[in-house]
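In each ligand, atom 1 is the first atom listed, and ligand 1 is the first ligand listed. Owing to the predicted nature of the structure, the values given are computational and were not obtained by experimental measurement.
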Amino acid sequence: MRDKNRIRVLVTGGAGFLGSHLCETLVREGCDVLCADNFYTGTKDNIVPLLDNPYFELLRHDITFPLYVEVDEIYNLACPASPIHYQNDPVQTTKVNVHGSINMLGLAKRVKAKILQASTSEVYGNPNTHPQTETYWGNVNPIGPRACYDEGKRCAETLFFDYYRQHRLAIKVARIFNTYGPHMHPNDGRVISNFILQALRGQPLTIYGRGSQTRSFCYVDDMVEGLYRLMQTQDGVTGPVNLGNPKEYSILEIAQKILELTGSKSKIVFEALPQDDPERRQPDITLAREVLGWSPRVTLEEGLPKTIDYFDNLLRSRR
Ligand SMILES: NC(=O)c1ccc[n+]([C@@H]2O[C@H](COP(=O)([O-])OP(=O)(O)OC[C@H]3O[C@@H](n4cnc5c(N)ncnc54)[C@H](O)[C@@H]3O)[C@@H](O)[C@H]2O)c1
């Protein structure tokens, strides 16, 4: 007999960076958590502390195939998130966003579960308004190398809203901006993990372009709190809601901060900017403040040392 006081939650992509932190939070909040992951970019290492917990279950599953389980809530996070990984098999990236979303929406419809989609700031493409509000429709190249991800996520949002309109599903769409913290994939080529690893290894820090392009970075604990709060909102609150940290830093500033915090003697080198790399990206989080009472609390000065510690331990464990 199931414990009716425990909400049954499915987290797809739960062995990944954000998913593993989300699973930890949900277990801590008293949920019965099912993590479904095909380990494409995620790893069991991220969820080792949860494996002995009776309220945590791990299922190796690729969400491009249907899944039949009984749950009350679904967080749909499965999708490689960094360009290196999502461009490695672009057709699979589109599939996970389109077929995967259809499968998870179909499941939510069948079991009447609430479902949250981990969308992305990439739906705004290379934006020509700053900062980006949820009403901005984006500036996306549909045939470029990033399209499998950007357009895949845009199509997933379309599917979520069509299931909402057509089938009255309780949907929640979060547009996640750059997030960082422990459990980030070490080889995903993202700016923070790249710089930290290069600094810890004493290698030069590579900046693409002149380093004047800006990014905003949200610490993972803040992001998980935002996702959790969005799921708790009343039916009818669908989003999309931007979740991210509005504080902007230039890439050069980040590199300098990481050199300072690691005490590394690495040099900074400049290389050509990849195609379709956005110049600026900054969330407008007015809606998240209003609807979720949420705003990020962890500063870069607090979050970076924890992330550096994580990578430092990872490198030591591999020596
Ligand atoms: N981290 C960020 O800064 C960021 C920004 C915007 C959006 N997002 C979104 O948040 C979600 C989680 O991102 P992340 O940073 O944790 O990435 P991640 O790559 O660490 O996690 C994705 C997880 O999904 C799993 N996965 C991939 N394809 C799958 C499939 N077909 N079936 C089952 N599992 C599959 C991977 O193995 C991995 O565990 C993604 O949907 C991503 O697009 C993340």
Atom 36 (C) of ligand 1: nearest protein contact (heavy atom, Å):
Thr41 OG1, 3.2 Å
Ranked by distance from atom 13 (O) of ligand 1, the top protein heavy atom is Ala81 CB, 3.6 Å
Below 6.0 angstrom between ring centroids: does that apply to Tyr219 and Tyr180?
yes
Please indicate whether any nitrogen or oxygen in Thr43 is less than 3.5 Å from any nitrogen or oxygen in ligand 1.
no
Tell me, with the steps shown, if Met223 and Phe177 meet side-chain contact (heavy atoms from CB on, under 4.5 Å).
CA-CA 9 Å; Met223 183 55 63; Phe177 283 65; 5.6 Å; no
Which value, rounded to the nearest 0.5 Å, describes the distance between Ser82 atom OG and Met184 atom CE?
8.5 Å
Could an N or O of ligand 1 be found under 3.5 Å from any N or O of Ala78, whether backbone or side chain?
no
Backbone or side chain, does any N or O of Ile63 fall under 3.5 Å from an N or O of ligand 1?
yes
Identity and separation of the nearest protein heavy atom to atom 21 (O) of ligand 1
Gly16 CA, 3.5 Å
With atom 9 (C) of ligand 1 as the reference point, say which of Tyr149, Phe39, Phe17 has the nearest heavy atom.
Tyr149
Tell me, which protein residue and heavy-atom name are nearest atom 33 (C) of ligand 1, and how many Å apart are they?
His61 O, 3.1 Å
Run down the list Val96, Val11, Asn38 and name the one with the heavy atom closest to atom 27 (C) of ligand 1.
Asn38
Given Gly13, Gly244, Ser119, Gly19, identify the one with the heavy atom nearest to atom 24 (O) of ligand 1.
Gly13
Suppose we call two aromatic rings close when their centres sit under 6.0 Å apart. Are His185 and Phe17 close by that rule?
no
Is there a continuous path of hydrophobic side-chain contacts, each under 4.5 Å between heavy atoms, that joins Tyr75 to Tyr40?
no
Only heavy atoms count here, so choose which of Leu22, Thr64, Leu77 is nearest to atom 40 (C) of ligand 1.
Leu77
Is Glu122 salt-bridged to Arg146, cutoff N-O under 4.0 Å?
yes
Ignoring angles and geometry beyond distance, decide whether Ile176 reaches within less than 3.5 Å of ligand 1 through its nitrogen or oxygen atoms.
no
